[in-house]
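Numbering of ligands and ligand atoms starts at 1, following listing order.
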Amino acid sequence: MVWVHEAMLEDVGEIILDTETIQKRVAVLAETISRDYEGKNLIMICVLKGSMFFLADLIRKISIPVTLDFIGISSYGEATRTSGVVKITKDLEENIEGLDVLIVEDIVDTGLTLSYLINALKLRKPASIRICCLLDKTAHRLVDIPIDYRGFYIEDSFVVGYGLDFQDKYRHLPFVCVLKQEVIERQRKKL
Ligand code: 5GP
């Protein structure tokens with residue numbers, strides 16, 4: 001039984017992906033990744049903060065040697081949409097030259113954030129770069145991003161939970177859901 005504060009649940013609209021569905025899919029992704037990277041120098045890069053739970057669950061199911069690093073990215077935009085202007089707020093600690101980089105991202109929407117990140121990391125001469133994302137929201141895609149490992153396609157709605165936030169809250173919800181519209185409106189008015 002998962003404990004979530006009642007006040008948080010009051011803000012929750014539809015649950016899009018429940019905990020069990022997420023965990024089953026993560027296990028399949030980990031198995032595929034483990035097979036594909038057998039004999040390679042895999043480094044998984046967690047894009048902070050949204051991917052932290054996805055990465056944590058995924059990496060613990062990887063059955064081959066793997067290293068881990070974190071990168072912090074902030075993109076400027078309104079409350080629920082990115083502008084594509086991206087900044088690295090926390091850089092990697094490892095030198096990725098010659099390594100097989102797997103970027104682990106929470107959600108791809110326009111694709112602008114990942115496009116920036118892929119280009120920035122390519123300059124560091126890794127042996128390869130691939131993308132693993134939990135959620136693929138194609139409705140507003142502006143840049144074609146080659147997603148190698150995908151958790152789920154989702155419809156065009158703003159989702160939170162399992163790492164994803166709205167104004168830095170709701171990340172700890174153990175499922176992916178939409179917020180009630182009134183919650184988003186309430187927050188917008190406060191800004
Ligand atoms: P993109 O650059 O692909 O448009 O957006 C990527 C980033 O925007 C994600 O890493 C995430 O931070 C944010 N984002 C896009 N869609 C959603 C969403 O539905 N919910 C949340 N919480 N963040 C989103």
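Within the 4.0 Å heavy-atom criterion, neither part of His140 lies near ligand 1. Looking at Asp106 against ligand 1, only its side chain comes within 4.0 Å, counting heavy atoms.
At a 4.0 Å cut-off, not a single heavy atom of Gly50 sits close enough to ligand 1 to count as contact. Using 4.0 Å as the threshold, Ser51 has no heavy atom nearer than that to any atom of ligand 1.
Checked by atom type and distance alone, the side chain of Arg171 never pairs as donor or acceptor with a backbone atom of Met52 at under 3.5 Å. Distance alone, capped at 3.5 Å, places no donor-acceptor pair between the Arg124 side chain and the Ile96 backbone.
Looking at Ile103 and Val101, their side chains come closer than 4.5 Å, going by heavy atoms from C-beta outward.
Contact atoms of ligand 1 toward Ile107: 6 (C), 9 (C), 10 (O), 11 (C), 14 (N), 15 (C), 16 (N), 17 (C), 18 (C), 19 (O), 24 (C) (distance under 4.0 Å to a heavy atom of the residue). Ligand 1 places these atoms under 4.0 Å from at least one heavy atom of Lys137: 16 (N), 17 (C), 18 (C), 19 (O). Each of the atoms 10 (O) of ligand 1 lies under 4.0 Å from some heavy atom of Glu105. Of all atoms in ligand 1, listed by their number and element, those nearer than 4.0 Å to a heavy atom of Asp165 are 21 (C), 22 (N). Near Thr113, meaning under 4.0 Å from any of its heavy atoms, are these atoms of ligand 1: 1 (P), 2 (O), 5 (O), 6 (C). Here is the list of ligand 1 atoms found below 4.0 Å of a heavy atom in Ser157: 19 (O).
Judged by a 6.0 Å distance limit and a 45° cone about the ring axis, Arg130 is positioned over the six-membered ring of Tyr37.
Asp106 has no carboxylate O lying under 4.0 Å from a charged side-chain N of Lys49, or vice versa, which leaves the two without a salt bridge.
In the displayed structure, Lys61 atom NZ is contacted under 6.0 Å by more than 12 heavy atoms of other residues, nucleotides or ligands.
Among Phe158, Tyr116, Phe166, Tyr170, the residue whose heavy atom sits closest to atom 23 (N) of ligand 1 is Phe158.
Each of Val160, Ile16, Val12, Leu17 was scored for a side chain to side chain contact (heavy atoms under 4.5 Å, CB included) with Phe175, with one residue passing: Val12.
An N or O contact shorter than 3.5 Å links Gly111 to ligand 1 by distance.
A donor-acceptor pair shorter than 3.5 Å can be found between the side chains of Asp36 and Tyr149.
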